[in-house]
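Only one structure is covered here, and it is reproduced in the block below.
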Amino acid sequence: MLDAPLAEADSTHGVAWTRKDLLDTDTLTRAEIDLVLQTARGMREVRSRPVSKVSTLRGTTVATLFYEQSTRTRASFEVAAKALGADVVNLTASGSSVEKGETLIDTVSTLEAIGTDVIVMRHHRSGAPFLAARHTSASIINGGDGTHAHPTQALLDLFTMVDRLGSLEGRKVVIVGDVFHSRVARSNAWALLKYGADVTFCGPPTLLPRYFVPTVDGRRCTMATDLDEAIEDADVVMALRLQKERQRHGLIPSLREYISRYQVNPARLRKAKPDALLMHPGPVNEGIELSPEVAHGAQSLIEAQVANGVAVRMALLYLIAARSRV
Amino acid sequence: MSAARYLGPEEMSRTIRRLGHEIIEANRGTGDLVLVGMLSRGYPLARRLAAAIREFEGVDVPVGSLDIGLYRDDVARRGAPPPVRPSDIPFPIDGKTVVLVDDVLFTGRSARAALDALLDFGRPARVRLCVLIDRGHRELPIRPDFVGKNIPTALVQRVRVRLSETDGEDAVYVYGEEAASA
């Protein structure tokens, strides 16, 4: 009988974080994601204090290596790293030796050689962070790779949803727009399915994925082409940015038709649950995927997503930098 | 491995009430007094102290909770990242007498971390340390102001406080060889 308390005493540290890299949400376990969200709650509280900074990662160097433009992801990671007391080096493709033809692996090796512990990387090629992770002992956090994955965005979206809704079991999440090119949609779907949510991808048939559709325990994302139907009774409506830089000709008939069929506007949002959450990973093309009334309306969580992003990225930097290495 | 129950529910309750009296006596009342419990078990202890003080003095002393995970000095040396939870100190601590409450005082490293964490919330007039159990073996110059029980222990032993709020019972156990008997 007295053995029970001792066994419990040994397990108070909960799940151990052992991952060197964060590349996508697909291989994370539910327990690992729980740990990220729990840690992020603590980090959010740190951000609300009079002194909103700690020195836990003093002596840790974080590099942001962005081969593609970004405002919020890069800034969010920089703020997160500094709030934990880490030093931050920012590199972009323009203005670095990448312009002289330095390869990704060389760049990553150089960063490691100058003492970088964690590299936050965004790249226009799907899979680039996976390649980098195999060639360095520094940790790689995927800040978005091509049309493949954007795990930190998915985790901050999940954090925001769980924060508002509690359990996501059986909740209906509609992700609408250019799903085919969306690393946000894919990484979100993996995480949401693991949390028991029903995920619907909605968009024109040409912008829906045909292969590699996220599936967890036999549950698969539902495909829909009619937003007026798909949005009915939704708990969460997540609109995606129409990625003009990734559009090839002929995928959408015209911008005007896309707007008329897939824009989330007040009339469509009324078909969802009365207090449905409206989300968007940003930056918003206002007047295209979201009408201005909806983007700035009472149901919009777009600003909460950005604020939560700092807390979730602090949690990830902390777990990865202080991970179990045994 | 042997285990011995060092404290049961009645003794724990008496001990907490005595600590409540000592805190009020040292503070000459409840003026400017706030309690901050360290997570996880210092916090329910702080709430119990506040309940005892309410009973004696008819005054509600503010109670907050403090997480020290981000302030530990062994973050990079442990087997796993220490858990991080939100602290909750919903009142100003500037100019107050803050009594930090924890279940077990051992090396003093948690208390050191708690001092750093607390000072990120403001500038108290003074900080006092109250622990249910002092088991000795300090590694830092930390001294408690209010002690429930001193338990002489060997370094290899482990002391475990269980509270009904977090563990379903009120008891203190000592594990390991030559467990001190109650």
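Heavy-atom basis, side chains included; hydrogens, waters and symmetry copies ignored.
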Pairs where residues 91-107 of chain B contributes a residue and the test side-chain hydrogen bond (donor to acceptor under 3.5 Å, both in side chains) is met, not counting sequence neighbours
Thr97(B)-Arg126(B)
Counting only non-hydrogen atoms closer than 4.5 Å, does Leu84(A) touch chain B with its backbone (N, CA, C, O), its side chain (CB onward), both, or neither?
side chain
Rounded distance [0.5 Å steps], CZ in Arg85(B) versus CZ in Arg41(A)
13.0 Å
Going by ring-ring contact (aromatic ring centres under 6.0 Å, His included), name the pairs with one or both residues in residues 42-62 of chain B, residues two or more places apart or in two chains.
His21(B)-Phe56(B)
Residue-level contacts of residues 298-319 of chain A with chain B, using a heavy-atom cutoff under 4.5 Å:
Tyr318(A), Leu319(A)
Restricting to non-hydrogen atoms, name the atom on Ala322(A) and the atom on Pro81(B) that form the minimum distance, rounded to 0.1 Å.
O-CG, 3.3 Å
Neighbour count above 12 (heavy atom, 6.0 Å) for Arg112(B) CZ:
yes
Count the heavy-atom pairs under 4.5 Å between each of Ser55(A), Pro50(A), Gly42(A) and chain B, then report the option with the highest count.
Gly42(A)
Could you state the interatomic distance from NZ (Lys53(A)) to CG (Leu70(B)), rounded to the nearest 0.5 Å?
12.5 Å
Give me the contact list for residues 20-31 of chain A versus chain B, heavy atoms only, anything under 4.5 Å, ordered by residue number.
none
Would one find more than 12 heavy atoms of other residues, nucleotides or ligands at under 6.0 Å from atom CZ of Arg18(B)?
yes
